[in-house]
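Residue numbers start at 1 and run along the sequence shown. The shown structure was predicted, so the numbers you read here are calculated from the model rather than taken from an experiment.
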Amino acid sequence: MSKIDTPKCKSVFSKKGLFSFMAGLVTAGTLMAGSAQAVTLKMATDSGAKGSPAGDTLDRWAELIEKNSGGDIDVKVFYQNELGSQNEVFDLHVAGDVDLMLNWPMTSYDKRIGVIYTPYMTLSWDEALKAYSPGGWVNNMLGGIYSDIGLKFFGPWPEGFNGVATRGKYATNIAEAEGLKVRTMTVFPAPQTMQALGYQTAAIDWGEVYTSLQTGVVDGEAGNVIYWDYEYFRDLLDYYVRSKHFFMTGVLSMNQDSFEGLTEAEQKVVADAANEVMMAQFKAAKEQDEHYVAEAEKAGMKYFELSDEQIKEFARAAREKVWPLMDQEIGSEIMDTIRTNATPL
């Protein structure tokens with residue numbers, strides 16, 4: 001009897017043991033799945049609503065990350081003003097509360113970031129794109145500076161040469177700028193540059209520009225390519241003069257601690273996606289800019305493309321008055337690199 005019962009008992013025990021073992025695997029798998037749930041990254045921009053070129057870039061960057069990570073990374077996207085002002089969102093980025101960002105750099109952490117706003121470094125699209133492309137001399141400088149403030153620099157997001165949009169009157173030379181007060185970005189050396197070009201200035205955060213124009217605090221806006229002035233202020237502004245004082249570019253970056261918290265595979269997904277949207281923007285930037293010039297003119301804004309001599313008048317004044325200030329603020333080593341590579345006048 002015992003010889004018959006023993007195998008039977010062992011068989012029952014084996015089934016129970018197998019059941020327990022399988023249940024344990026399921027439980028462990030569930031726990032592992034829980035611990036391996038999608039990493040959530042917060043992505044933001046300080047400038048650009050949903051549907052704008054900047055907003056579309058965020059959407060595409062997030063889409064590529066989620067798709068190419070096989071769902072292991074979930075990206076939450078925040079557009080301009082959804083997390084605060086330009087300075088506030090950049091603060092969040094440096095602190096790690098915003099992981100990924102398309103930003104127009106703020107110099108409060110390191111004034112060397114102002115290198116991106118050095119007036120009249122380049123004067124043509126070909127020169128600018130070469131300087132800002134991966135391996136270019138401006139690109140190389142920015143990578144090191146971003147690293148020093150705890151950010152992973154993926155690359156620039158070029159828009160083009162900026163200008164001055166005004167109402168009532170406009171200026172194509174320094175003398176004509178007298179009496180015109182324009183909004184500048186709050187970063188060094190934006191106010192100093194426009195003062196060198198003959199304007200009065202007020203440094204105003206992006207989120208307050210419309211009200212400042214509407215209430216007459218300023219007569220114009222001097223911080224952007226024509227897209228922004230057309231898209232947001234065309235009911236308030238009459239003229240756009242392409243002064244080319246800055247080659248405008250955003251920056252694609254990631255908080256360094258957030259980046260290092262990813263696996264190597266996840267890091268590659270994020271970096272590759274950043275490179276893809278960056279290279280797409282390099283190809284599209286000039287065409288986008290020309291498109292919005294045409295749209296602004298259709299909307300009634302008068303557009304002025306300055307001659308080489310007019311540009312050089314502005315450039316000489318800015319280099320003479322602003323570049324020495326930049327030696328003091330960002331260092332002569334960086335400025336020597338700029339002087340060596342900048343477009344000759």
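- Phe314 is listed as a side-chain neighbour of Leu306, based on a closest heavy-atom distance under 4.5 Å.
- Under the side-chain hydrogen bond (donor to acceptor under 3.5 Å, both in side chains) criterion, Asp219 pairs with no residue, sequence neighbours left out.
- Residues passing the side-chain hydrogen bond (donor to acceptor under 3.5 Å, both in side chains) test with Arg60, sequence neighbours excluded: Glu63, Glu276.
- Take Asp238 and apply the salt bridge (Lys or Arg N to Asp or Glu O under 4.0 Å) test, not counting sequence neighbours, and it matches no residue.
- For an aromatic pair to be called close, the ring centres must be under 6.0 Å apart, and Trp125 with Phe247 satisfies this.
- Aromatic ring centres of Tyr132 and Trp157 lie farther apart than the 6.0 Å criterion allows.
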List the atom pairs, with distances to 0.1 Å, where a side-chain N or O of residues 184-201 and a protein N or O form a donor-acceptor pair under 3.5 Å, not counting sequence neighbours.
| unit_1 | atom_1 | unit_2 | atom_2 | d |
| --- | --- | --- | --- | --- |
| Thr193 | OG1 | Pro189 | O | 2.8 |
| Gln195 | NE2 | Thr201 | OG1 | 2.8 |

Exercise. Are Ile65 and Met43 close enough, and set up right, to give a side chain to side chain contact (heavy atoms under 4.5 Å, CB included), and what steps lead you there?
Worked result: CA-CA 11 Å; Ile65 291 170; Met43 176 187 288; 4.0 Å; yes
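- Between Tyr170 and Phe304, the ring center distance clears the sub-6.0 Å criterion.
- Counting all heavy atoms, side chain and backbone alike, Ser133 lies closest to Phe282 at OG-CE2, 3.3 Å.
- Hydrophobic clustering, with ILVMFWY side chains joined whenever heavy atoms are under 4.5 angstrom apart, keeps Leu236 apart from Val241.
- Residues Met278 and Pro134 form a side-chain contact, since some pair of their non-hydrogen atoms from C-beta on lies under 4.5 Å apart.
- Neither Tyr239 nor Met301 shares a network with the other; the hydrophobic side chains, linked directly or stepwise wherever heavy atoms of I, L, V, M, F, W or Y lie under 4.5 Å apart, form separate groups for each.
- Heavy-atom minimum distance, Leu123 versus Leu345: CD1-CD2, 3.7 Å.
- For residues 165-192, every residue pair satisfying the salt bridge (Lys or Arg N to Asp or Glu O under 4.0 Å) rule, not counting sequence neighbours, is listed here: Arg183-Glu221.
- Looking at Gln310 and Ser307, their side chains do bring a donor and an acceptor atom within 3.5 Å of each other.
- Considering all non-hydrogen atoms of both residues, Pro105 and Thr249 come closest at CD-O, 4.5 Å.
- When the side chains of ILVMFWY residues are joined at heavy-atom separations under 4.5 Å, either directly or via intervening members, Val138 and Leu252 end up in a single hydrophobic cluster.
- The side-chain tip of Lys42 points at the ring of Phe78 from less than 6.0 angstrom away and within 45° of straight on.
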What pairs of donor and acceptor atoms, side-chain ones from residues 44-51 against any protein atom, are under 3.5 angstrom apart with sequence neighbours left out?
| unit_1 | atom_1 | unit_2 | atom_2 | d |
| --- | --- | --- | --- | --- |
| Thr45 | OG1 | Ser47 | N | 3.3 |
| Thr45 | OG1 | Ser47 | O | 3.1 |
| Thr45 | OG1 | Leu102 | O | 2.8 |
| Asp46 | OD2 | Trp104 | N | 3.1 |
| Ser47 | OG | Gln86 | NE2 | 3.3 |
| Lys50 | NZ | Asp59 | OD2 | 3.3 |
| Lys50 | NZ | Tyr79 | OH | 3.3 |

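- Interatomic distance, Leu262 CG to Lys268 NZ, rounded to the nearest 0.5 Å: 14.0 Å.
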Problem set entry | Test side chain to side chain contact (heavy atoms under 4.5 Å, CB included) applied to His93 and Ser253, step by step | CA-CA 9 Å; His93 189 37; Ser253 58; 2.8 Å; yes
Exercise. Is there a salt bridge (charged side-chain N to carboxylate O under 4.0 Å, His left out) between Arg316 and Glu320 once you walk through the steps?
Worked result: CA-CA 6 Å; Arg316 279 190 287 267; Glu320 178 184 336; over 6 Å; no
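- Formation of a donor-acceptor pair under 3.5 Å by the Asn275 side chain with backbone atoms of Ala271 is not found in this model.
- Applying the side chain to side chain contact (heavy atoms under 4.5 Å, CB included) criterion to Thr40, with sequence neighbours excluded, gives Asp74, Lys76.
- Between Tyr232 and Trp206, the closest side-chain pair of non-hydrogen atoms falls below 4.5 Å.
- Leu180 and Val217 fall into different hydrophobic clusters, where Ile, Leu, Val, Met, Phe, Trp and Tyr are joined by side-chain heavy atoms under 4.5 Å apart, directly or via other members.
- The ring-ring contact (aromatic ring centres under 6.0 Å, His included) search around Tyr117 returns Phe246, not counting sequence neighbours.
- Across Ala299 and Arg234, no two heavy atoms sit closer than the pair CB-CD, 4.0 Å.
- Under 3.5 Å, the side chains of Glu159 and Gln288 contain no donor-acceptor pair of N or O atoms.
- Between Leu41 and Glu66, the closest side-chain pair of non-hydrogen atoms is not below 4.5 Å.
- Hydrophobic clustering, with ILVMFWY side chains joined whenever heavy atoms are under 4.5 angstrom apart, keeps Met248 apart from Val164.
- Judged by distance alone, the side chains of Glu127 and Ser124 do bring a donor and an acceptor atom under 3.5 Å apart.
- Here the closest non-hydrogen pair linking Ala274 and Trp61 is N-NE1, 3.3 Å.
- Residue pairs satisfying the salt bridge (Lys or Arg N to Asp or Glu O under 4.0 Å) criterion with at least one member in residues 332-345, sequence neighbours excluded, are listed as follows: Asp327-Arg339, Asp336-Arg339.
- The CD atom of Glu231 sits 12.0 Å away from the CD1 atom of Ile226 when rounded to the nearest 0.5 Å.
- Residue Asp308 qualifies as open at atom CG: its count of foreign heavy atoms under 6.0 Å is 12 or below.
- Atom CG of Leu92 is separated from atom CG of Asn255 by 11.0 Å, given to the nearest 0.5 angstrom.
- A distance-only check finds no donor-acceptor pair linking the side chain of Asp205 to the backbone of Ser85 [under 3.5 Å].
- With sequence neighbours excluded, no residue forms a side-chain hydrogen bond (donor to acceptor under 3.5 Å, both in side chains) with Glu297.
- Checked by atom type and distance alone, the side chain of Asp289 never pairs as donor or acceptor with a backbone atom of Ala285 at under 3.5 Å.
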Only distances under 3.5 Å count here; give the side-chain donor-acceptor pairs of residues 145-156 to other protein atoms, sequence neighbours excluded, each with its distance to 0.1 Å.
| unit_1 | atom_1 | unit_2 | atom_2 | d |
| --- | --- | --- | --- | --- |
| Tyr146 | OH | Asn103 | OD1 | 2.6 |
| Asp148 | OD2 | Arg112 | NH1 | 3.4 |
| Asp148 | OD2 | Arg112 | NH2 | 2.7 |

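- Qualifying side-chain hydrogen bond (donor to acceptor under 3.5 Å, both in side chains) partners for Glu305, counting only residues two or more places apart in sequence or in other chains: Tyr303.
- The two residues Ser212 and Ile204 make their nearest non-hydrogen contact at OG-CD1, 3.5 Å.
- Residues His245 and Asn162 have side chains that bring a donor and an acceptor to within less than 3.5 angstrom of each other.
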Exercise. Val39 and Asp72: side chain to side chain contact (heavy atoms under 4.5 Å, CB included), yes or no, with the steps?
Worked result: CA-CA 6 Å; Val39 174; Asp72 289 342; over 6 Å; no
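- Atom CD in Glu309 sits 9.5 Å away from atom CD in Glu313 (nearest 0.5 Å).
- Other residues, nucleotides and ligands contribute over 12 non-hydrogen atoms within 6.0 Å of the CD atom of Glu260.
- For the atom pair NZ (Lys111) and CD (Gln328), the distance works out to 10.0 Å, reported to the nearest 0.5 Å.
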